[in-house]
Protein chains: 2
Amino acid sequence: MGPRAGHGVSTDDDLATFAGTGGAASVRVAAYLREQILRGHLAPGERIRQEEVAERLGASRLPVREALRMLEAEGLTEHEPHKGARVPRLSRHEVEVVYKMRERLEPLALLESLPLLDDDAHARLADVQRRIEDNDDLDRFLELDREFHLGTYSGCHIDPLNAMVTRLWNSTQHYRRAFVTLGGRDRMWVVNSEHRLILDAVVRRDGADAERFLRGHIRRTRIELGHHPAVFGEEG
Amino acid sequence: MGPRAGHGVSTDDDLATFAGTGGAASVRVAAYLREQILRGHLAPGERIRQEEVAERLGASRLPVREALRMLEAEGLTEHEPHKGARVPRLSRHEVEVVYKMRERLEPLALLESLPLLDDDAHARLADVQRRIEDNDDLDRFLELDREFHLGTYSGCHIDPLNAMVTRLWNSTQHYRRAFVTLGGRDRMWVVNSEHRLILDAVVRRDGADAERFLRGHIRRTRIELGHHPAVFGEEG
DNA sequence: GGGGTAGATTTCGGATCCAATCAGTGCCAC
DNA sequence: GTGGCACTGATTGGATCCGAAATCTACCCC
């Protein structure tokens, strides 16, 4: 284990996050690990030892095992018998394919969601977009960007579709972070104008435009991301 | 629990299937349940009690719990805290959306797989298609149809993509069975000619045609399926 | 000095026991 | 007669203990 900060030590933060959430222990453990992974505190390829997590959260290993299985369903961990769980590491090609999947699936999600988004939802989305533009922190940007996109699909309560889109976001979260951190900052105004176009189409309930703009938005992100070798740890 | 045949009784078949597979117990339990669900022995909405499965397979409840989580990741079961696992029941609209997802995702899978399928793979696919045309059993048709389609994607070893496509097939397996059983038989020659078109395009390595034919194939199936109320238990 | 193997340690997988929660039932009051 | 409540049986969730597999290490042989 590397000497990364905040690792191997049970901070008060950890326990607060854990205890703060109600419900079954396995669900709470899952929520804790989910946040750790999405926030980038656990990197792709990193192993997750059941005992360590259990000890840190004051639970036994069993709910940790259950939690890891739940996360597996969300694309956040992977499992190998007798070898344990890790955060999946995607190859450059795999990340690219996930983005291609997003190009096809998310416009569908938006299309299905579009007629069900009311004025209230539109206002919330506009607010999120305003906060993105006012924001200057990269980590916060990742959160808000996710909130914006998944928010535009929130009208459609089709479980299989939403679950899959969320899964795609989950599995590429780390690479998105690396991309934004490394040099995506210059691209932010492009992202914002594209968001504006999408939001406009959503408010107008123009399905064809919404679909087109969203597809283009994801496609351009994929291409830009593909040009950054460092995102995939290929800078050597 | 209904008086359905082969339910609640540990047949020799069950144990043979279970013991026959190697590997960890949870993996074997998962394989057993997976087959039960895909073969239609467990219907959507049906509850799966851990103890019953454990007893039937001669294992403890723990590997059953793990297996249920694995199946959850494959879209074959769903879980509610303190209420246990069930086979998911999809609404008409949900099934339709899953088919729309397939319309978008599977052509991508085929496109990614296309350049990697060699002559050997082509021969195997042609053989499967021949067996579909020679076949007269509806259950066998379901198996072979699945083998054909998933086989065309087998060249692409991108885990996220293949896993998702498989998941989509899993979650609609029951509705496909109901459809085929009820009246899809007349449509079989259509299915077969469409398969031939797809196979041809695959062999010619014509991505555009393959994608187009496949999308149309899934789309037509979705529309036909939508016309059968009984598939969704709406015949009252 | 390098590679391979055997032992020790670590970590995961499974069994059993106990606690928590839910559903169905019957009783009582209104 | 109906609605609500408490109780009981059934079922899942969690803890602890034990066994099995993999990894790491140290040692020996080449």
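Letters go in sequence order (proteins before strands), and every chain restarts at 1. Owing to the predicted nature of the structure, the values given are computational and were not obtained by experimental measurement. Side chains are part of it too, since the values below use all heavy atoms of this structure and drop only hydrogens, waters and symmetry mates.
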Compute whether any side-chain donor of one residue and acceptor of the other, for A:Thr181 and A:Arg177, lie under 3.5 angstrom apart. no
What integer distance in Å separates B:Glu55:CD from C:dG14:P? 19 Å
I need the CG-P distance between A:Leu68 and C:dT11, as an integer number of Å.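 Taking CG of A:Leu68 and P of C:dT11, I get 15 Å after rounding.
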Can you tell if the side chain of B:Leu144 reaches within under 4.5 Å of the side chain of B:Phe148, non-hydrogen atoms only?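 No, their side chains stay 4.5 Å or more apart.
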The contact string for nucleotides 9-15 of chain D, one letter per nucleotide 5' to 3', using protein heavy atoms under 4.0 Å with B, S and - for base, sugar-phosphate only and none, comes out as --SBBBB
Distance col, row B:Leu168:CG vs B:Gln173:CD, nearest 0.5 angstrom, shows 12.5 Å
Taking atom CZ of A:Arg92 as the centre, report whether more than 12 heavy atoms of other residues, nucleotides or ligands fall under 6.0 Å from it.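 Count over threshold, so yes.
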Sort and list the pairs that fulfil side chain to side chain donor-acceptor pair (under 3.5 Å) and have at least one residue in residues 150-164 of chain B, not counting sequence neighbours. B:Glu106-B:Tyr153
